[in-house]
Structures are given as structure tokens and as C-alpha cells.
Participant: 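Sharing a structure with you now.
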Amino acid sequence: MNVAATAPKFGQSVKRQEDGRFLRGKGKYVDDMILPGQLYAAFVRSPFAHAKISGIGTEGAATMPGVTRIVTGQELAATGLPPLPCGWAITSRDGVPMKVGIRHALAMDTVRYVGEPVALVIAETQNQARDAAEAVMVDYEDLAVLTDITDALGDGAADIHPDIAGNLAFDWELGDESATEEAFASAAHCVPLTLRNNRLVPNAIEPRAINACWDAADEQLTIYMTHQNPIGMRMFYAAVFGLAAEHKLRIVSPDVGGGFGSKAHNYPEEVVVAAAAKLVEGPVKWTADRNEAFLTDAHGRDHLTDVELALDEDGRFLALKVDTKANVGAYLSGSGSLVPTYMYATMLSGQYVIPAIHARVRAVYTNTCPVDAYRGAGRPEAAYVIERIVNVAAERLGIDQAEIRRRNFIRDFPYQTPLVYEYDSGDYEKSLDAALDLADYNGFATRKAASKAKGKLRGIGVSAYVEACGIGPSGKLARLGGGAGMWESAEVRVHPVGTVEVLTGAHSHGQGHATTFAQVVSDRFGVPIENVSVIQGDTDRIQAGTGTYGSRASVGMSATLRACDRIVEKGKQIVAHLMQVDYDTISFEDGIFSSTDSNVTIAFAEMAFAAHAASGFPTDEIEPGLVASSFFDPPEFTYPAGVYVCEVEIDPDTGVVNVASFCAADDFGNVANPMIVEGQVHGGVTQGIGQALWENALYDPDTGQLMSASFMDYGMPRAGGLPDYKLVFSGVPSPSNPLGMKGCGEAGAIGSPPAIINAVCDALDVTHVEMPASPEKIWRLCRERETA
Amino acid sequence: MGKISLEVNGEDVELDVADNTLLIHALRDHLRLTGAHMGCDTSQCGACTVHIEGQAIKSCAMLAVQAEGRSVTTIEGLADDGEPLHPMQQAFHDNHGLQCGFCTPGMVMIGIDIARRHNVPDAATVRHELEGNLCRCTGYQNIVAAIVEGAAKMEAQP
Amino acid sequence: MYDFTYHRPASLDEAKVLIDENEDAQPLSGGQTLMPVLRARLAMPGALVDLTRIDALRGVNMEGGRIVIGGATTHAEVAQNEQVREHCPALAALAGEIGDPQVRHRGTIGGSVANNDPAACYPSACLALDAEVRTDRRTVPAADFFTAMFETALEPGEIVTAISFAACHDAHYEKFPNPASRFALIAVFAARLGGATRLAVTGGGTGVFRWQEGEQAVDRGEDLAAAPLDEGRFTGDLHASTEYRIHLTRVMAQRALARIG
């Protein structure tokens with residue numbers, strides 16, 4: 001029997017339960033799997049950014065050794081495979097629905113970005129598949145290439161999609177334009193800025209992979225794939241592609257080597273491989289190489305924004321105007337319309353009282369890889385806009401960057417912004433004070449002088465971010481254009497010996513759910529954490545779910561807690577019978593059922609055994625067994641927020657920016673596991689530093705070739721050149737879920753880029769520096785500074 | 001070459017591989033030791049790191065035939081299932097030095113190599129020595145802490 | 001990767017026969033450049049002749065005051081070698097900063113020199129330290145060896161057996177790494193050899209070269225910042241413009257010289 005009394009786990013840095021298999025090299029990732037009769041796939045991809053396909057010759061390739069089948073777009077279309085959908089309906093300012101460029105899983109008559117899949121070769125070995133893919137002859141006729149937002153919107157620009165004039169997917173707005181204009185007309189100060197949010201490649205270290213097999217006898221399709229949301233993929237594959245009815249589809253996402261949003265999408269490659277598995281009636285595996293990942297994993301960011309902030313004499317914000325052009329790439333990816341609209345513009349109020357805001361967003365097609373959610377997804381772009389313009393304003397008005405924020409903070413919660421969202425809770429000033437304290441903000445002048453003595457330029461940057469996490473609620477999302485429920489489900493199964501399985505649609509790909517979800521259960525039932533298994537990722541085992549993205553594990557954890565509550569409730573009913581006391585006298589604490597009317601106590605495991613023995617209570621009143629489930633639809637988003645302070649030291653001779661220190665004070669509400677949450681912040685901040693200093697997906701404007709298409713040319717953050725970050729949590733519990741959590745996965749990537757660029761601008765005494773702040777760019781600014 | 005003999009994780013093995021088979025493919029596909037991972041095409045991510053004669057190398061930049069007669073150690077060779085973890089593995093667990101786990105085998109193997117060459121390295125040394133290993137999850141801070149601690153534990157062991 | 005046959009000769013003579021007998025044979029040393037190239041299907045050698053187990057090609061010897069390093073000696077071995085550290089610490093330091101630890105355990109000096117990547121480290125040391133490249137056929141002074149980027153004086157099938165360097169204590173290698181690849185965006189190997197300054201530049205884009213105007217300026221006691229630097233030696237790319245590379249060359253040279261004192 002388990003000893004019930006265990007110390008509370010929630011809020012403690014419990015070591016991860018899942019570590020063992022990863023540390024022993026026994027993780028199970030999709031590419032690790034070789035199925036009997038395994039076939040391998042390789043894609044024929046477009047080497048051109050924009051071209052007509054005038055012919056595909058497969059004859060030579062088809063007879064090469066080991067080749068099983070070659071599939072083209074025409075052939076797939078003939079099987080009834082429809083184009084890929086974009087899941088979020090956006091309506092333009094003039095009331096016209098967004099214009100969706102048709103995206104076939106395999107290109108039909110036109111290719112629109114380098115790397116777009118054109119044909120699939122299936123062979124007995126990977127090498128044979130690649131050999132044959134090289135031998136497929138595709139005739140292309142060059143078309144005009146547009147990679148830049150401004151060029152694509154320019155007069156006379158060629159249309160990338162037929163019937164979509166001016167390459168404009170939508171021209172959308174949010175907020176009150178006339179109120180904003182009025183406020184600007186009478187403002188003491190109007191501060192403008194134009195800035196670009198650089199395009200990023202997600203680069204999870206595990207590349208995308210799929211292994212699909214068709215069982216013709218049972219008409220069952222089983223797909224193993226790297227994905228953040230396997231249950232969502234089952235719905236997608238079943239409902240949209242008709243490969244098989246949902247009950248005949250099994251999708252398994254085993255261990256997934258990092259996602260960051262890039263594995264939450266519906267990609268053409270996976271659809272093609274799944275369809276091909278049915279055609280060849282065998283298991284077909286495809287694993288992207290890094291080059292394919294660079295060319296085709298949905299990219300992130302890529303905005304060009306004009307922003308203007310209106311302030312009164314005292315530096316109080318009056319109004320904000322934002323005009324953003326978002327590069328969505330060659331096609332609208334699954335969330336390609338959502339990210340630059342409701343994930344972005346809704347956050348432009350930041351942590352501030354701004355009475356009037358208006359945002360306009362134009363989504364623009366270009367001959368580049370489609371853009372979709374990447375860690376933060378819209379919110380980093382918003383934080384960058386607001387946190388940069390606030391610093392520019394502070395400099396213009398001669399107000400300290402911390403002080404201008406303090407002066408404008410929202411202080412009363414809940415707070416309805418002018419942009420849809422009602423912030424649930426927070427204490428922004430507390431985070432600011434904590435961050436300034438951690439960073440020794442007041443001692444900066446001394447450190448700057450010390451740097452100067454060494455010939456270095458030192459700068460300090462503050463940024464205050466807020467984001468919306470924990471998505472749903474489903475109803476609210478549907479009113480904004482969403483097409484699917486955003487609840488999460490959990491099923492809690494208690495075995496006769498008192499061990500517990502949690503089956504949830506939330507999917508961990510590094511976030512440590514096997515530990516944090518178990519912490520919730522361990523506390524609620526008073527059982528040792530080792531006795532709790534968290535099961536995920538297999539649609540044959542999980543009842544339902546919506547996956548992990550948007551820092552929404554709190555939704556699944558809340559569902560788990562509610563299911564646990566139902567178990568306890570049933571346990572009380574059973575125990576009342578076992579003790580022969582009134583139900584109302586029973587209480588449950590620390591794993592022990594007791595009654596005010598009895599000296600007898602019953603441990604959780606004893607109750608579990610009794611529930612299965614089913615002899616101590618009337619089974620016509622209480623069903624035997626001990627299983628409960630919950631579908632939790634949150635009543636509101638959560639709003640994590642925080643303040644980051646970064647110090648940089650610049651070598652003016654080379655332009656190298658060194659991050660000297662990075663301090664973060666985050667309000668994540670209640671924190672389930674500080675160790676894991678710190679790890680999330682470390683990773684997010686590092687990705688943010690990467691964006692600010694090194695990372696850049698750069699297309700050649702003439703050819704549309706991705707120039708930074710390998711780790712040789714794309715500047716990934718490495719261990720060297722980064723400091724140890726200092727973190728503190730200053731949480732105000734969220735009322736939006738029973739655990740009071742807000743979410744922590746994306747914060748670091750949202751708050752850090754503006755903190756770094758603010759510090760760089762401070763060091764150089766310039767108004768703005770575009771990301772990434774590469775050595776040459778900074779060297780040139782240093783040189784201008786010297787000559788000035 | 002046809003058949004080659006080598007030692008993998010302390011056991012003599014014979015492999016029948018084509019000459020153009022990379023060591024990582026021989027380990028993963030032929031021996032089914034899938035701990036070493038392939039994360040890039042340009043030998044920069046280090047997820048494929050294993051030891052040859054105790055030295056860390058990238059198994060994606062070496063042919064299997066080049067390992068003939070050599071002793072190869074992979075992540076699976078550090079501790080048998082059910083046995084206690086190697087001190088470096090344990091330090092990664094204790095310091096939350098892993099998240100998704102994909103780069104982890106490479107990180108642990110380079111960590112042991114760093115300890116071999118530097119005995120008790122400081123954090124700055126470890127950061128520098130991780131030049132050839134990419135992690136997208138952890139931001140490296142806890143990996144660095146884990147290697148510093150793991151190296152100290154290895155040094156303290158008899 | 002495309003198909004090829006692999007050969008592992010035990011002696012240099014055997015290697016020469018294999019290379020002569022196999023059309024499209026290519027010597028394979030550490031493979032740290034060649035393997036990624038083969039994986040990307042950018043080369044189709046018919047045969048690879050592995051030189052790394054030929055004992056005669058490995059190790060370090062002192063010969064008449066010069067350091068002689070076997071072609072198949074790894075970067076890690078050079079970095080750790082007591083004789084290299086004693087007689088030319090800058091060369092050991094350079095070897096210890098090539099690529100990353102894993103690459104240094106496999107990559108070899110012969111492979112690096114024969115490949116002559118315009119961003120590689122070793123070629124700059126070769127030019128600055130008056131190296132001689134020994135092959136199975138002859139000895140080529142470094143000044144005549146590196147002919148253009150990725151091109152050398154090597155004839156088809158010719159094997160680099162060793163490289164000999166002048167011993168030198170007054171030397172330093174200053175590298176500005178490419179933020180992405182960590183190869184040299186610009187690096188300068190500075191040395192004082194026989195009373196004269198040597199400045200060898202790598203990373204410029206067109207191949208390693210000696211900055212003779214800079215050397216002369218230093219030896220005349222003039223300001224290096226004003227010394228002419230041939231723009232034609234440099235190219236621009238997404239990481240750095242020609243202008244920035246030229247500037248970095250001056251900065252790296254000054255820093256390297258400052259370290260020599």
C-alpha cells in the first residue's frame with residue numbers, strides 16, 4: 001500500500017520523470033523506427049522561386065534500382081486530394097474575405113518558392129530514393145520573382161497567384177481609427193518609427209519526419225509523425241483529406257525533438273507521404289534533411305511596420321498607430337492568417353494604458369517559404385513594435401526608459417484593452433522593480449564607464465512584454481474566425497493498486513509534461529509521483545485533444561486536475577459506503593479519506609482497490625472502476641507578462657555585440673515547477689537573442705534562393721558568447737484556470753529581442769538598429785558615430 | 001569492403017555495410033543504436049557525437065568502414081538499462097540539462113570528452129568547448145552547469 | 001551519397017598504387033570537409049583512398065630546427081603536441097581553435113592544406129611560417145602551393161605527406177569567426193621570422209595571401225591602418241562586405257601583432 005502522505009509537488013523543482021530514456025539514448029523519435037517492409041521517400045523540389053511547370057519526366061527515374069513508385073501532383077489530384085486549407089478566416093477592412101492562394105500538396109502547374117515539393121519518389125532505400133529524385137526531369141519556365149514585401153505590393157508587381165491582385169491576401173484592421181487620429185491631432189508629441197522584424201527559421205534539432213503505413217485489409221492508416229498536435233492532425237487528415245475516416249486513422253507522435261510551433265502545422269510533405277503510403281500499400285518513411293528544413297519548415301516573423309506613438313507633455317501615452325505588412329510567403333500556411341492578426345495586433349497595447357489604438361495589417365504573398373507560428377507567433381512582433389517605440393519616445397522626451405514604462409503601466413485588473421483582450425491579472429510595476437533590482441540598474445553608469453575605459457561601448461535595454469496564452473476559450477476564438485475548439489482533455493485512470501495513468505491531448509516535446517502533469521496528480525491524490533504515468537501522443541490511446549503550442553499546457557493540466565477532482569468525488573462516495581458513514585462527513589486530504597463520524601481512515605490506494613473489487617458498495621448506485629475525464633475550456637486567455645533588462649558591450653573596432661548580462665522578472669502566475677520553467681525561459685531568451693543578433697532567413701531578391709539555408713550560413717545561438725541569465729518569478733495567479741497558471745513557453749522569445757535592441761541603441765546612442773544586429777551593421781554605426 | 005569488425009560499447013561486432021555508409025547509419029540502422037541522432041547535413045549540430053577510442057567525433061562525418069578495428073562508444077554504452085547512470089548523465093538529470101532530448105546524447109558524449117581533456121573545467125571553458133553542439137531548447141545554461149558538475153563528479157570517482 | 005569504393009592502404013606506396021589504378025580516386029584524410037560534401041552529393045569520386053592509417057603520415061618531428069607535421073596528423077594532435085607547443089605555440093593554438101573538438105579529433109593538417117578552403121586556418125600559418133608542403137613527389141614552398149581558392153599546386157593523385165614549418169615564438173593567430181559557420185570570416189597569422197614581419201590573411205574570399213604592404217609598413221615602423229590592402233583579394237557575401245573584410249583584416253592584424261609585442 002502506498003504511503004499517502006507526500007510533500008506537495010506543485011510549485012517544487014521536481015526532477016524530470018522522463019529524463020532516463022533520453023539520457024540513455026533510448027528516446028523514440030520517428031526516424032528511429034524501421035517498419036517491416038520499410039520504403040523510403042525523397043522529394044523532387046523546385047530549384048526555382050517562381051516558375052511554370054511545363055512537364056515532368058519520370059520515365060528514367062522510374063526504372064532505376066529499388067524505385068517503387070513516383071508520384072506527381074496531377075496523380076495525387078486525380079485521387080481526389082484537395083488543396084491544403086488555411087484554418088483561420090480573416091475578413092479585410094472592406095468586408096471581403098481573405099484571398100487564399102491555392103496550395104496543392106504537390107505543385108501542379110506552378111511553383112512559388114524554392115523547395116516547393118513537385119514529386120515524390122519511393123524506393124527501397126533512402127539513397128535509391130534520392131538517386132531517383134535527382135533523375136526526375138522537370139521542365140520549368142521562369143517567372144518573375146518577388147521576395148520582399150514592398151516589392152510584392154509595388155505598382156506593376158506580377159501576381160503570384162491568379163486572381164489575387166497585388167499579391168494581397170487581406171487588408172485587415174483592428175481598433176478605432178478615428179479615435180486614434182483624433183488623439184494624434186491634439187497630442188503634444190508624435191513619435192514615428194519604421195522597423196522590420198526579421199524572418200527566422202525555427203530549426204528544431206530533430207528534423208520533420210513521417211512514417212506512414214496503410215493496412216489494406218482493415219483500411220486503416222497509421223501515421224507516425226513529428227508533431228505537436230497528433231489528435232488535431234487526425235482530424236485534419238480525416239476531415240479534410242478523406243484518406244480514411246477518423247476512426248480508421250491512427251496518428252502517433254512519439255518523442256518529438258523540439259517544436260517551437262514549427263511542428264504544429266499541416267505540411268504538404270506529410271500529406272503527400274501519407275497519400276503515397278496508401279498508393280503503394282506499404283510503410284513509407286521520409287525524414288527531412290537540414291536543407292529541406294531550412295527551405296520548407298514554416299518560417300517565422302517577417303514584418304515591416306510603421307508605428308507612431310502619441311504622448312502628452314508628461315510622456316503619457318495617448319494613442320498608437322500601427323501599419324504592418326506581413327510577408328506570409330508563397331501560400332497561407334495553416335495559421336498563416338491568424339499569426340499576423342489576432343496573435344499580433346491584439347497585443348499592441350503592451351503593458352500600457354493607451355486609450356486609442358489602431359492597427360492595420362496587410363498580408364502579402366511573396367515567392368518565399370510560407371510563414372506560420374514560431375515561438376511567440378505574432379506576440380514577439382507586437383512586443384518588438386511597442387517596446388521599441390516606447391524607447392524611442394523615452395529618448396525623444398528625455399525620460400528614463402524604466403520611468404516612462406512605470407508612468408504608463410496598467411495597474412487595475414482585469415483590464416480591457418482597446419484591442420479585444422481583457423488582461424486577467426498582473427503587477428507590472430512589481431516585475432519592473434524586480435528586474436531593475438536583479439540587473440543593478442542604478443549601477444549601470446559605473447559599468448558603462450568601466451567599459452569605456454576599455455574602449456568598449458556599453459548599453460542597457462529594458463523591455464516589458466505581455467502575451468496571451470492558455471488558448472481557448474473556444475467560443476471567443478470562434479467569434480474571431482477560429483475553426484476548432486481550443487479546450488484540452490485529460491483522462492485519469494486509477495488502477496486497483498493506486499497507480500495512476502493520465503492520458504492527455506497535450507503533447508510534450510521538451511516541456512516536461514510527464515513531470516508537471518504528474519505533480520498535479522501526485523498532490524491531488526497524495527500518491528508518490530513515481531506512481532503516475534503521463535501518456536500522450538497516440539490517437540488510439542488518447543480520447544481527444546488539441547495539442548501543445550501557444551504556452552497552453554495549463555489548459556491540459558487544468559483538465560487533469562478536474563478529472564482528478566471527479567475521481568476524488570467518486571472516492572468519497574465509495575468510502576462513505578466502506579465506512580458506513582454519511583457522504584457529507586467525508587473529507588480527503590494528503591491521500592487519506594476520513595470522516596468526522598469515524599476513527600477509521602482509508603488511504604487513496606485502498607479506495608482504489610475497493611473501487612475495482614466492487615464488493616463494498618452498491619454497484620447499482622456507484623459504477624465499479626475508477627476512471628474520470630475532463631474537457632477543460634478556459635473561460636479566458638491567460639496573460640503572462642514580465643520585464644527584461646539586458647546589458648550589451650560593443651567592440652567598436654569589429655562591431656561585435658556581447659550580451660554582458662540578461663535579467664528576467666516574469667509573471668507566469670503560479671509556477672508548477674520552477675526548474676522546468678527556468679529552462680523554458682533560458683531557451684526562449686536564447687532564441688530571442690538569436691533573432692536580435694544572428695539569425696536571419698535571407699532570400700536573394702533576384703533569384704528567390706534562400707541564402708542562409710544551412711548552419712554554415714544561418715547564425716544559430718551557441719553556448720559560447722552567451723551569459724548565464726538571471727531569473728526571478730514575480731507571479732500573480734491567473735483567475736483563468738484552477739491552477740492559477742499563465743504559461744511560460746514563449747515569454748523568453750517575446751520579451752528578449754526588444755531588450756537587446758534597446759540596449760544596442762542605448763550603447764550606440766542611435767534611434768534604431770534593425771535585427772539582426774550583425775557585426776558589420778554595428779561596425780558601420782560605430783564608424784558613423786566616430787565621424788559625427 | 002563488405003564485412004568489417006569493430007568494437008561497439010565493449011562488444012565485438014561484425015557489420016556488413018556498403019562503403020558509402022556513414023558511421024551514424026551503421027549505428028542507427030544496422031546495430032539499431034538510435035541514441036545518436038542526425039540533426040544536420042553539414043556536421044555542425046553534434047547530435048551524432050560518439051566516441052572513437054574515447055575521443056568525441058561526429059558519426060555523420062565518418063564512414064563506417066573508417067571505424068574498422070576501432071572501439072566505438074555510444075550513449076547506450078555509458079550505462080546499461082537498470083544500472084545507475086554515468087555521472088555525466090546523472091548531472092544532466094540533476095541540472096535539467098535536457099528538454100526534448102534530441103541533442104542530449106551528443107551533449108553527454110561531448111561532455112565526457114570535455115571532462116577527459118580538462119579534468120574540472122569551468123563554465124567558460126565548457127561554453128567554448130560546446131562549439132560543435134547545437135541545442136534549440138535549453139539555451140545551454142543548464143547543459144553548461146551539467147557538464148561542469150558531471151566533470152567534477154567524474155574527477156572525484158576512483 | 002553516391003556509390004564509391006573505399007580503400008585503406010597501410011603504406012604510402014600502396015596508396016599511390018591505389019590512386020593510380022582507380023580513376024576518379026580521391027585521397028581521404030580526416031573527411032571533415034569531404035563527408036559533408038559527399039552527403040550533399042556535390043562530388044562523385046569513384047574511390048576514396050584513406051590515408052589516416054599510414055603511420056609514415058602521422059606525428060610531429062623536429063628536423064633542423066623546423067617542425068615537420070605528418071599530413072594525417074589531426075588538429076587535436078597538433079594542438080596537444082609538446083614539440084609544436086614548445087617551438088611554435090601559435091601554431092598549436094591555431095590547431096586548437098579549428099572547427100570544434102569533434103572536428104579536431106578527425107580533421108588533419110594534410111587534408112586542410114590540400115583542400116585550401118579560402119576560410120581555412122592552416123593555410124595562413126603555412127604562408128606566415130615559411131612552410132614547405134611535402135608530397136609523395138616533391139617539396140613545394142607554401143608561397144607556390146596555394147594557387148587559388150580550393151586550388152593548389154597538387155597534381156592529380158599527388159598526396160600531401162607532411163608540412164614543415166619554421167619554428168617561431170613570435171607569432172600569433174587572430175581569428176574573427178563567422179557568426180554562423182565559425183570558420184574564419186577574417187583571420188590573420190602574424191609572425192616575426194628572421195627579423196621580418198609576416199602577415200598572412202585567410203577568409204578574404206579569394207584564398208589565403210600575404211599582406212606584403214602591411215608587412216613592410218610594420219617593418220618600417222609605419223601605421224598599419226594606412227598600409228595599402230588590395231581590394232581584389234576580397235569578396236563580399238551575406239556575412240560581410242568587401243569593405244568590412246578589409247577593415248577586419250587591419251584590426252585582426254593589429255591585434256595579432258599586439259599579442260606578439
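Keep in mind it's a predicted model, so treat the numbers as computed, not measured. Chain naming here is simple, since letters A, B, ... match the order of the sequence lines and numbering starts at 1 in each.
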Participant: Around atom CD of Gln157(B), are there more than 12 heavy atoms from other residues, nucleotides or ligands closer than 6.0 Å?
Facilitator: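 Yes, CD of Gln157(B) has more than 12 neighbouring heavy atoms, counting only those of other groups under 6.0 Å.
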Participant: So what's closer than 4.5 Å to chain B heavy atoms on Val685(A): side chain, backbone, both or neither?
Facilitator: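 Neither part, no heavy atoms under 4.5 Å.
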Participant: In terms of heavy-atom pairs under 4.5 Å, which option from Gln511(A), Glu695(A), Glu18(A) contacts chain B the most?
Facilitator: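 With the most close heavy-atom pairs to chain B, the winner is Glu695(A).
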Participant: Taking Ala204(A), Gly512(A), Gly27(A), Gly257(A) one by one, which has the highest count of heavy-atom pairs under 4.5 Å against chain B?
Facilitator: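 If we count pairs closer than 4.5 Å to chain B, Gly257(A) comes out on top.
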Participant: Heavy-atom distance under 4.5 Å to chain B: side chain of Asp31(A), backbone, both or neither?
Facilitator: both
Participant: Given heavy-atom pairs under 4.5 angstrom as the criterion, report whether the side chain, backbone, both or neither of Gln680(A) touches chain B.
Facilitator: both
Participant: Indicate, with yes or no, if the rings of Phe22(A) and Phe92(B) have centres closer together than 6.0 Å.
Facilitator: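 They do not qualify: ring centres at least 6.0 Å apart.
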Participant: Looking at Thr73(B) and Val50(B), what are the two nearest heavy atoms and their distance?
Facilitator: O-CB, 3.4 Å
Participant: Provide the full list of ring-ring contact (aromatic ring centres under 6.0 Å, His included) pairs with a residue in residues 4-61 of chain B, sequence neighbours left out, each pair given once.
Facilitator: Tyr29(A)-His37(B), His37(B)-Phe102(B)
Participant: Heavy-atom distance under 4.5 Å to chain B: side chain of Asn203(A), backbone, both or neither?
Facilitator: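 Both parts, backbone and side chain.
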Participant: Name the region of Lys15(A), side chain, backbone, both or neither, that has any atom closer than 4.5 Å to a heavy atom of chain B.
Facilitator: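 It is both, since atoms from each part get that close.
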Participant: If you count heavy-atom pairs within less than 4.5 Å of chain B, which of Arg718(A), Lys26(A), Met675(A) leads?
Facilitator: Arg718(A)
Participant: Could you go step by step and tell me if Asp94(B) and Lys153(B) meet the salt bridge (charged side-chain N to carboxylate O under 4.0 Å, His left out) rule?
Facilitator: CA-CA 12 Å; Asp94(B) 292 342; Lys153(B) 280 186 181 163; 3.2 Å; yes
Participant: Are the side chain of Gln89(B) and the backbone of Val108(B) linked by a donor-acceptor contact shorter than 3.5 Å?
Facilitator: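 Looks like no, no N/O pair under 3.5 Å.
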Participant: Would you check if the side chain of Gln691(A) reaches a backbone N or O of Leu200(A) as a donor-acceptor pair within less than 3.5 Å?
Facilitator: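 Side chain of Gln691(A) to backbone of Leu200(A), a donor-acceptor pair under 3.5 Å: no, none is there.
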Participant: May I ask you to decide whether Arg21(A) forms a salt bridge with Asp81(B), counting only side-chain N to carboxylate O separations under 4.0 Å?
Facilitator: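 No, Arg21(A) and Asp81(B) are not salt-bridged.
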Participant: Is Met38(B) close to chain A through its backbone or its side chain, or both, or neither, when contacts mean heavy atoms under 4.5 Å?
Facilitator: backbone
Participant: Counting heavy-atom pairs under 4.5 Å with chain A, which one of Thr104(B), Leu130(B), Asn95(B), Leu85(B) comes out on top?
Facilitator: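 It is Leu85(B).
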Participant: Heavy atoms, side chains only, cut-off 4.5 Å: are Val30(A) and Val256(A) in contact?
Facilitator: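 No, side chains not in contact.
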Participant: Any idea which of Asp41(B), Ile75(B), Asn133(B) has the most non-hydrogen atom pairs under 4.5 angstrom with chain A?
Facilitator: Asp41(B)
Participant: Please determine, among Ala145(B), Gly35(B), Cys137(B), Pro105(B), the option with the most heavy-atom pairs under 4.5 Å with chain A.
Facilitator: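 With the most close heavy-atom pairs to chain A, the winner is Cys137(B).
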Participant: With a 4.5 Å cut-off on heavy-atom pairs, point out which of Gly139(B), Cys100(B), Gly132(B) contacts chain A the most.
Facilitator: Cys100(B)
Participant: Looking at Ser508(A), Pro207(A), Gly748(A), Pro202(A), which one has more heavy-atom pairs under 4.5 Å with chain B than the rest?
Facilitator: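 It is Pro202(A).
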Participant: Given that the side chain runs from C-beta out, which part of Phe260(A) has a heavy atom under 4.5 Å from chain B: side chain, backbone, both or neither?
Facilitator: side chain
Participant: Does Lys28(A) have more than 12 heavy atoms from other residues, nucleotides or ligands lying within 6.0 Å of its NZ?
Facilitator: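 Counting neighbours around NZ of Lys28(A), more than 12 heavy atoms of other residues, nucleotides or ligands fall under 6.0 Å, so yes.
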Participant: Is chain B contacted by the side chain of Ile689(A), its backbone, both, or neither, given a heavy-atom distance below 4.5 Å?
Facilitator: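 Neither the backbone nor the side chain of Ile689(A) comes within 4.5 Å of chain B.
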Participant: Under a 4.5 Å heavy-atom cutoff, which of Met88(B), Glu129(B), Arg32(B), His128(B) has the most pairs with chain A?
Facilitator: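 Of the candidates given, the most pairs with chain A belong to Arg32(B).
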Participant: Does Tyr714(A) have its ring centroid less than 6.0 Å away from the ring centroid of Trp694(A)?
Facilitator: no
